[in-house]
Number of protein chains: 2
Amino acid sequence: MFNFERQYTDSVTDIRWLDATEMAAWRAFVAASHLLERRIEEQLKAAAGLTHPQYEILVVLSESPGRQMRMTELARGVVVSKSALTYQITQLEKAGLVERTTCPSDERGVLAVLTDAGARCLERVAPGHVEVVREHLIDQLSREELHAVTRAMRKTEASLRTSA
Amino acid sequence: MFNFERQYTDSVTDIRWLDATEMAAWRAFVAASHLLERRIEEQLKAAAGLTHPQYEILVVLSESPGRQMRMTELARGVVVSKSALTYQITQLEKAGLVERTTCPSDERGVLAVLTDAGARCLERVAPGHVEVVREHLIDQLSREELHAVTRAMRKTEASLRTSA
DNA sequence: CGATGATCGTTCAGATTTGAACAATGACTC
DNA sequence: GAGTCATTGTTCAAATCTGAACGATCATCG
């Protein structure tokens with residue numbers, strides 16, 4: 001499973017290791033994002049039996065024109081694999097929060113549509129969710145930090161979306 | 001998207017919604033962290049058949065005195081549930097990268113110990129991993145942004161570790 | 001039109017995660 | 001010491017995620 005050979009032929013590798021500052025940033029980022037993800041998941045599950053991906057699906061749909069979106073685009077929006085989205089939309093359909101419609105313009109396509117019940121569910125759950133995000137992230141940051149984080153994360157997102 | 005009915009009895013709800021700046025920060029953070037997580041997972045899987053949690057376990061152990069750590073503490077360090085850690089340590093044990101030892105001072109305890117093979121594996125895999133982190137996160141950020149992100153993430157981590 | 005290749009969403013198998021329940025041990029009080 | 005409660009790590013069932021394979025539809029071009 002694991003071998004010992006380096007795939008690079010360089011006799012002296014030119015690896016640019018992370019210095020202390022960079023490593024600190026990376027570690028903090030990983031720890032914070034994992035912890036926050038856990039907390040959010042916990043809150044949503046307790047409050048509404050929703051997972052974070054499910055909640056994000058409802059949010060994205062609610063902001064989409066006609067409260068509907070194609071599967072592939074939705075998967076891209078919530079950053080999840082197509083198969084995971086298929087699974088989650090099925091779950092949300094069972095719960096009556098989302099419906100599937102065949103896309104009129106493309107026979108292959110499927111439109112996920114937010115139902116009224118889904119919209120109401122989102123309204124009901126959003127306050128508690130926002131409070132968690134606010135308490136542990138937003139309200140911890142100065143306005144300046146908020147802007148810096150936004151700039152940084154957008155660059156990261158762009159970098160990742162661009163390269164394949 | 002949100003109407004005016006509330007399930008709370010407050011005549012005027014005191015929900016502090018996210019303003020545009022705050023929402024932008026939160027959205028960017030979620031998207032970037034999910035995308036980066038996916039990319040890292042992909043890279044580690046392709047390069048060494050490791051998952052990100054497995055890699056983090058190796059890293060944390062390698063930096064721990066005696067290359068060993070108690071299960072609970074390790075779980076806290078890599079931000080994963082105890083049962084997930086049990087599973088992953090079993091996997092790493094099968095691969096010969098980690099060993100289990102009963103803790104001398106506490107009969108209940110288990111020490112996860114990094115093996116030489118585990119240390120070599122880490123050395124081999126680290127460069128490729130660091131490159132991904134650098135390309136999409138570190139190198140995208142100015143030095144100032146790097147510091148801001150670190151400060152922000154540490155506050156978030158502290159907030160989440162403190163409360164419950 | 002017909003052929004080729006891309007895109008769409010689903011299905012499937014396999015891996016992983018989580019929380020709850022559990023047995024075993026430790027810590028602490030009376 | 002005995003009793004009580006906390007902690008440790010594991011097991012288990014259930015849910016979820018991913019990538020690969022698939023059939024169906026679309027788009028392009030000769």
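Protein chains get the first letters and strands the later ones, always in sequence-line order, with residue 1 at the start of each.
Bending across the helix from C:dC1-D:dG30 to C:dC30-D:dG1, expressed as the angle between its end axes from five pairs apiece, amounts to 30° (10° rounding).
In summary, A:R151 and B:E144 do not engage in a salt bridge, as defined by a charged side-chain N under 4.0 Å from a carboxylate O. Using a cut-off of 4.0 Å between Lys/Arg side-chain N and Asp/Glu carboxylate O, B:E63 and A:R27 are scored as salt-bridged. In this structure, A:D139 does not pair ionically with B:K155, as no charged nitrogen and carboxylate oxygen lie closer than 4.0 Å.
Within 4.0 Å (heavy atoms only), A:E41 reaches no atom of the nucleic acid at all.
Looking at every heavy atom in both residues, B:A112 comes nearest to B:L61 through O-CD2, 3.5 Å. Of all heavy-atom pairs spanning A:V113 and A:G66, the tightest one is CG1-O, 4.5 Å.
The distance from atom NE2 of B:H34 to atom P of D:dT16 is 15 Å, rounded to the nearest whole Å.
Within the model, atoms CZ of A:R120 and CG of A:L58 stand 13.0 Å from one another, a figure rounded to the nearest 0.5 Å. Rounded to the nearest 0.5 Å, atoms CD (A:Q54) and CD1 (A:I89) are 9.0 Å apart. Rounded to the nearest 0.5 angstrom, B:L50 CG and B:Q91 CD are separated by 11.5 Å. Atom-to-atom distance recorded for B:R76:CZ and B:L85:CG is 14.0 Å, nearest 0.5 angstrom. With values rounded to the nearest 0.5 angstrom, A:E73 atom CD is found 6.5 Å from A:S64 atom OG.
Side chains of A:T90 and A:R100: a donor on one and an acceptor on the other come within 3.5 Å. In this model, no donor atom of one side chain and acceptor atom of the other lie less than 3.5 Å apart for A:H136 and B:T156.
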Between B:R134 and A:D19, does the salt bridge (Lys or Arg N to Asp or Glu O under 4.0 Å) criterion hold? Intermediate values first, please.
CA-CA 11 Å; B:R134 191 174 265 301; A:D19 65 30; over 6 Å; no
Check the pair A:R39 / A:E135 against salt bridge (Lys or Arg N to Asp or Glu O under 4.0 Å), numbers first and verdict last.
CA-CA 11 Å; A:R39 185 64 60 96; A:E135 174 182 1; 5.8 Å; no
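A parallel orientation is assigned to the rings of A:W26 and B:H52, their planes being inclined by less than 30° (bins at 30° and 60°).
Of all the residues in residues 55-72 of chain B, not one reaches under 4.0 Å from DNA chain C with any non-hydrogen atom. Listed by residue number, A:T51, A:P53 are the residues of residues 43-53 of chain A with a heavy-atom contact under 4.0 Å to DNA chain D. Within residues 82-89 of chain A, the residues having any heavy atom closer than 4.0 Å to DNA chain D are, in order of number, A:S83, A:A84, A:Y87, A:Q88. Scanning residues 100-109 of chain A for heavy-atom distances under 4.0 Å to DNA chain C yields A:R100, A:R108, A:G109.
A donor-acceptor pair under 3.5 Å is formed between the side chain of B:T115 and the backbone N or O of B:L97.
Taking 4.0 Å as the cutoff to heavy atoms of chain B, we find the contact window on DNA chain C bounded by C:dA15 to C:dG26.
Crowding of A:E99 atom CD: a count of heavy atoms from other residues, nucleotides or ligands under 6.0 Å not exceeding 12.
With a 4.5 Å cut-off on side-chain heavy atoms, B:T102 and B:V110 do not count as touching.
If A:T90 and B:S81 are placed on DNA chain C by their nearest nucleotide, the residue sitting closer to the 5' end is A:T90.
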